[in-house]
Amino acid sequence: MANLHDIERRINSVESTKQITRTMQMVAAAKIRHSMERVEHATPYRNAMYELLSNLSLLGETNAKLTKPHDEIKNTLLIVVTSDRGLAGGFNSSVRRSADKIMKECKAEGKNVTVAACGKKAIAYFKYRNADTVLAFRDLSADPRVEESDTLTDYCIEKYTAGELDEVFVLYNHSKNAAEQQLIEEVLLPINLASFRPEGADFNYGAITETDQDDADIQGSFEYEPGEVEVLDQLLPEYMAGYLFYVLIDSAAAEQAARRNAMKNATDNANDMIETLNRVYNRVRQGAITTELNEIVGGAEALED
């Protein structure tokens, strides 16, 4: 059994670790508010863009460049969003596992896979695995910039329209709330307008069935100038840039929430360990005192004899 000095030294070590994890928990909790505010401010633009695309989706088939699938899928890009720092539980590992799974599936189908890594954890991971990283962004995971999403958008559109990319996936953690994160895997390119179509809608230029609404809005046809394809060719790049920026700030909020949860669990575990070590310390101390008393009593009895 360890002596009192060793147990006391371990208690002090755990106490120091608990102070660090407690401080990191408080810092992450403060950063969550800032991250969630950015998400809330970006949400109206996102909702307006989705509403506009939902109207355009009622047109049916379109010849817009970013919505047309290529005849053959040979080249795949994965946009992988992680954090620059660790100590966030399974935040980064879940995204990397998903990326590995998709890469294996694509390679089994004979596709060439490249990676756009956002965050040091993704950059280091794919560098270690000798993956082809075409874009890398570091030191921006906690505070993303619009320039980052614009660079990703420009690269994807340029390569997709040139035929050098056939599909683009986005992998990131969505912040459902301050306590839970959800792994998201979405296809960014080609853009599927049907995914924006409201339930119950058909292709009659916005005719949506409103059976549960007494005062349904009067539906009519949409006219676009100079034309539907031209409007989409201008609108979809803006949608992609806005979507990717929303992904980055959403991931930043999820990162802080995951770090706060991880540091809270670490702090709780440290408290449990300190409590256990204190019990062991008291038991060892009590045993040492009992042994000393027995030695004193034994020595006194020996002197009397």
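This one's a predicted model, so the numbers in the text were calculated from it and none came from an experiment. The chain is numbered in sequence order, starting from 1. Heavy atoms only: backbone and side chains are in, while hydrogens, waters and symmetry mates are out.
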Hey, could you give me the CZ/CG distance between Arg260 and Asn265, rounded to the nearest 0.5 Å?
10.5 Å
Considering only heavy atoms from C-beta outward, does the side chain of Gln25 approach that of Arg22 to under 4.5 Å?
yes
Check whether any side-chain N or O of Asp84 sits under 3.5 Å from a backbone N or O of Arg138 as a donor-acceptor pair, and report yes or no.
no
Might you confirm whether atom CZ of Arg96 has over 12 heavy atoms from other residues, nucleotides or ligands at distances under 6.0 Å?
yes
Distance in Å, Leu87 CG paired with Ile20 CD1, rounded so as to fall on 0.5 Å steps
10.0 Å
Check against salt bridge (Lys or Arg N to Asp or Glu O under 4.0 Å), Arg279 and Glu275
CA-CA 6 Å; Arg279 286 200 297 266; Glu275 183 179 350; 3.3 Å; yes
Does the pair Leu189 and Leu165 meet the rule for a side-chain contact (heavy atoms from CB on, under 4.5 Å), with working shown?
CA-CA 9 Å; Leu189 286 176; Leu165 275 180; over 6 Å; no
Report the C-alpha distance between Val81 and Val95 in whole Å, list the side-chain angles of each, state the deciding distance to 0.1 Å, and finish with yes or no for side-chain contact (heavy atoms from CB on, under 4.5 Å).
CA-CA 8 Å; Val81 183; Val95 177; 6.0 Å; no
Strictly by modelled atom types, are Thr267 and Thr21 linked by a side-chain donor-acceptor pair under 3.5 Å?
yes
Will you find, in the side chains of Ser35 and Gln256, an N or O donor that is under 3.5 Å from an N or O acceptor?
no
For Tyr246, does its backbone N or O pair with a side-chain atom of Asp250 as donor and acceptor, under 3.5 Å?
no
I would like to know whether Leu236 and Thr67 meet side-chain contact (heavy atoms from CB on, under 4.5 Å); could you show each step before the answer?
CA-CA 9 Å; Leu236 292 180; Thr67 63; 3.5 Å; yes
Side-chain (Asn75) to main-chain (Asp166) donor-acceptor, under 3.5 angstrom:
no
Before giving the answer on salt bridge (Lys or Arg N to Asp or Glu O under 4.0 Å), spell out for Asp100 and Arg97 the whole-Å C-alpha distance, their side-chain angles and the decisive distance to 0.1 Å.
CA-CA 5 Å; Asp100 275 339; Arg97 283 196 301 268; over 6 Å; no
If you define the side chain from C-beta out and look only at heavy atoms, does anything of Thr76 sit under 4.5 Å from Cys106?
yes
Of Asp132, Val168, Leu152, which is the lone residue that meets side chain to side chain contact (heavy atoms under 4.5 Å, CB included) with Leu77?
Val168
Say you draw a straight line from OG1 of Thr43 to OH of Tyr45; how long is it, rounded to the nearest 0.5 Å?
13.0 Å
Where Thr153 and Pro237 come nearest, the two heavy atoms and their spacing:
CG2-O, 3.7 Å
Beyond-backbone contact of Leu171 with Ile184, side-chain heavy atoms, under 4.5 angstrom:
no
Ignoring hydrogens, what is the shortest heavy-atom contact between Ser141 and Ala252? Give both atom names and the distance.
O-CB, 3.2 Å
Taking the side chain as everything from C-beta on, heavy atoms only, tell me whether Leu78 gets closer than 4.5 Å to Ile102.
yes
May I have the step-by-step check of side-chain hydrogen bond (donor to acceptor under 3.5 Å, both in side chains) for Arg285 and Tyr281, ending in yes or no?
CA-CA 6 Å; Arg285 182 171 175 270; Tyr281 179 86; 4.9 Å; no
Non-hydrogen side-chain atoms of Leu277 and Val14 separated by less than 4.5 Å
yes
Show, in sequence, the C-alpha distance, side-chain angles and deciding distance for Lys18 and Asn271, and conclude whether the side-chain hydrogen bond (donor to acceptor under 3.5 Å, both in side chains) test is met.
CA-CA 8 Å; Lys18 187 185 81 169; Asn271 287 328; 3.2 Å; yes
Separation of Leu244 CG from Cys156 SG (nearest 0.5 Å):
6.5 Å
Any side-chain heavy atom of Asn173 sitting closer than 4.5 Å to one from Gln182?
no
Please answer whether the main-chain N or O of Asn278 pairs with a side-chain N or O of Arg283 as donor and acceptor at a distance below 3.5 Å.
no
Asp143 bridged to Arg38 by N-O distance under 4.0 Å:
yes
Any salt bridge between Glu37 and Arg33, counting N to O under 4.0 Å?
no
The test is side-chain hydrogen bond (donor to acceptor under 3.5 Å, both in side chains); show your working for Glu185 and Tyr172 and say whether it passes.
CA-CA 7 Å; Glu185 304 175 3; Tyr172 72 103; over 6 Å; no
From OG (Ser175) to CD (Glu255), nearest 0.5 Å
11.5 Å
Does Val115 share a hydrophobic cluster with Leu188, counting links as ILVMFWY side-chain heavy atoms below 4.5 Å and allowing steps through other members?
no
Would you kindly confirm whether Ile123 and Phe126 end up in one hydrophobic cluster when ILVMFWY residues are joined by side chain heavy atoms under 4.5 Å apart?
no
Taking Lys111 first and then Glu167, would you say they form a salt bridge - that is, a charged N and a carboxylate O separated by under 4.0 Å?
yes
Would you say Ser83's side chain and Ala88's backbone share a donor-acceptor pair under 3.5 angstrom?
no
How far does NZ of Lys121 sit from CZ of Arg85, to the nearest 0.5 angstrom?
10.0 Å
Using the ring pair (Phe, Tyr, Trp, His ring centres under 6.0 Å) criterion, which residues pair with His70? Sequence neighbours excluded.
Tyr160
Of all heavy-atom pairs between Ala42 and Ile249, which one has the smallest distance, and what is that distance?
CB-CD1, 3.6 Å
Do Ser251 and Phe91 come within less than 4.5 Å of each other through their side chains, counting heavy atoms only?
yes
Under-4.0 Å salt bridge between Lys264 and Asp268
yes
Tell me, yes or no, whether the heavy-atom count around Arg10 atom CZ, taken from other residues, nucleotides or ligands under 6.0 Å, exceeds 12.
no
Test Asn269 against Met273 for side-chain contact (heavy atoms from CB on, under 4.5 Å), laying out the working first.
CA-CA 6 Å; Asn269 291 337; Met273 186 176 294; over 6 Å; no
Heavy-atom side-chain proximity of Pro144 to Val247 below 4.5 angstrom:
no
Answer yes if Phe245 and Met36 sit in the same cluster of Ile, Leu, Val, Met, Phe, Trp and Tyr residues linked by side chain heavy atoms under 4.5 Å apart, and no otherwise.
no
On a heavy-atom basis, the closest approach of Ser149 and Leu248 is N-CD1, 4.1 Å
